[in-house]
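Numbering of residues begins at 1 and proceeds along the displayed sequence.
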Amino acid sequence: MSRHERRAEQNGEGQPQPGAPALITGATSGLGRSLARHLAGRGWTVLVHGRDGDKCDAVVKELHEAGGTAYPYLADLSSLGEAAELGRRVAAEHPSLGLLVNNAGVGAGRDAHCREVSRDGYELRFAVNYLAPVLLTRALRAPLRAAASAQVLNIGSIGQSPVDPDDVQFTRGYDGMEAYTRSKFALAAFTFTIAEEYACDGIRVNCVHPANYMDTAMVTEAGVRPWSSVEDGTRAVLHAIDEGARGASGHYYNESRREKAHRLAYAVETQQRLASLTDQLIVPPRLGWAPNPGSQ
């Protein structure tokens, strides 16, 4: 445990205020829905994000009936414009945000050789699994800062492949599984890139691989027989949140074990190159989103 983590634990930092808001993207099924139930049970106000309004409403109703507090937030994260609007709406309605879980994602797909694109024309997995979380995290920095000891938790993967800087959109030799692992590599690198920067605002940033091949729609769609359960993954995510509450930041967790991500995700040159490419793809005028000072 680092000196910062020991001090946070001794001071009782990192525990949410009663009813503190927690935004979970992709919260209408699988891991996200399970996590929503658990966080509501812990006293968080759960902001339920999804693409389908009826599904969002169903989760909110379920949490309310269990005695929790929840609100629906609709957005298609394959559109960076909608991701930006989601950030604006959450920041306006919850000026203090205790937790952001970037969980929504797209797997390898039914046909690994079929390259799909987002609504902005970007490779779909890179857009949803990486660009949208980056945009949302940046947009929500101010409310995260206001919460004091807030957390950003990125749902990553043990599968990580470095992004080809000369073919970020994966137009050559496409493979759905590699596209997925490239996006998760980028998300891990982003985690480590901003952890130190966000620490000055008291925001802890971590990344977790919840479990191997959970019984989710993403896994079954890829034709893979599940190896583990959503409940297994939920326990790992809750463990990472508890670690963050004790001050941990800038770490990668393989299930409930603190481990090392791909070595290149820590390389400053890789991080800087990826950040530059990302800034070129997330163009504020095009998205109708102008970051506030200090939101980067």
Side-chain angles (χ1 to χ4, degrees), residues 13-28 31-53 55-64 66-77 79-104 132-155 194 198-206 237-238 240-242 244-245 249 284 287-296:
E13 298 175 4
Q15 300 305 319
Q17 297 297 316
L23 172 62
I24 307 172
T25 65
T28 59
L31 178 65
R33 185 166 189 164
S34 175
L35 183 60
R37 294 188 189 108
H38 283 267
L39 290 183
R42 288 184 171 198
W44 291 87
T45 292
V46 180
L47 312 185
V48 177
H49 160 262
R51 292 184 300 166
D52 184 297
K55 290 182 179 179
C56 279
D57 291 341
V59 176
V60 169
K61 180 180 178 182
E62 176 190 347
L63 299 183
H64 284 171
T69 304
Y71 300 97
Y73 283 85
L74 194 64
D76 180 353
L77 298 186
S79 162
L80 295 183
E82 289 200 24
E85 177 57 31
L86 174 63
R88 281 195 293 264
R89 183 181 167 199
V90 170
E93 297 176 2
H94 302 277
S96 177
L97 182 69
L99 174 65
L100 167 62
V101 181
N102 286 310
N103 166 71
V134 170
L135 179 56
L136 196 54
T137 302
R138 289 178 175 180
L140 293 173
R141 183 170 180 177
L144 287 164
R145 180 195 302 121
S149 303
Q151 293 189 57
V152 176
L153 183 60
N154 294 318
I155 304 302
I194 68 167
Y198 279 41
C200 68
D201 293 331
I203 303 168
R204 294 82 185 266
V205 188
N206 293 295
V237 173
L238 291 172
I241 292 172
D242 291 341
S249 189
L287 300 176
W289 171 68
N292 294 320
S295 68
Q296 293 292 314

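When every heavy atom of V46 is checked against every heavy atom of A36, the shortest pair comes out as CG2-O, 3.7 Å. Residues I203 and R141 share a closest heavy-atom pair of CD1-O, 4.0 Å. Across all non-hydrogen atoms, the minimal contact from L39 to A22 is CD1-CB, 4.3 Å. A139 and G87 make their closest contact through CB-CA, 4.1 Å (heavy atoms, listed as atom of the first residue, atom of the second, distance). Of all heavy-atom pairs spanning R138 and Y198, the tightest one is CA-OH, 3.9 Å. The heavy-atom pair separating A70 from V60 by the smallest distance is O-CG1, 3.6 Å.
Side-chain N or O atoms of N103 include one that pairs as donor or acceptor with a backbone N or O of G26 at under 3.5 Å. A donor-acceptor distance shorter than 3.5 angstrom exists from the side chain of T25 to the backbone of A104, with no hydrogens or angles considered. Remark: the backbone N or O of A75 is not paired with any side-chain donor or acceptor of E82 at under 3.5 angstrom. In terms of modelled atom types and a separation under 3.5 Å, the side chain of Q151 and the main chain of I241 share a donor-acceptor contact.
For the salt bridge (charged side-chain N to carboxylate O under 4.0 Å, His left out) test, no residue two or more places apart in sequence or in another chain qualifies with R51.
Taking the six-membered ring for Trp and thresholds of 30 and 60 degrees, H64 and Y71 have ring planes more than 60 degrees apart, a perpendicular arrangement.
A heavy-atom distance below 4.5 Å is found between the side chains of L23 and L140. Under the 4.5 Å side-chain criterion, counting only non-hydrogen atoms from C-beta, S149 is in contact with R204.
In this structure, a donor-acceptor pair under 3.5 Å is absent between the side chains of N206 and S249. There is a side-chain donor-acceptor pair under 3.5 Å between Y73 and E93.
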request  = Evaluate side chain to side chain contact (heavy atoms under 4.5 Å, CB included) for T137 paired with V205, printing each intermediate quantity in order.
outcome  = CA-CA 10 Å; T137 302; V205 188; over 6 Å; no

task = Just do the side chain to side chain contact (heavy atoms under 4.5 Å, CB included) check on R33 and K55 with the steps written out, would you?
result = CA-CA 10 Å; R33 185 166 189 164; K55 290 182 179 179; over 6 Å; no

inquiry  = Could you walk me through whether L63 and T69 satisfy the side chain to side chain contact (heavy atoms under 4.5 Å, CB included) test, starting with their C-alpha distance in whole Å, then the side-chain angles of each, then the deciding distance to 0.1 Å, before giving a yes or no?
reply    = CA-CA 7 Å; L63 299 183; T69 304; over 6 Å; no

task = Evaluate the side chain to side chain contact (heavy atoms under 4.5 Å, CB included) criterion for residues V152 and N102: first the C-alpha distance (whole Å), next the side-chain angles of each, then the deciding distance (0.1 Å), finally the verdict.
result = CA-CA 8 Å; V152 176; N102 286 310; 3.9 Å; yes

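Note that the CG atom of D76 and the CD atom of E85 stand 13.5 Å from one another [nearest 0.5 Å]. Atom CG of residue L47 and atom CG of residue L97 lie 6.5 Å apart, to the nearest 0.5 angstrom.
Here the rule is side-chain contact (heavy atoms from CB on, under 4.5 Å) with H49, and of L77, I24, V59, L136 only L77 fits it.
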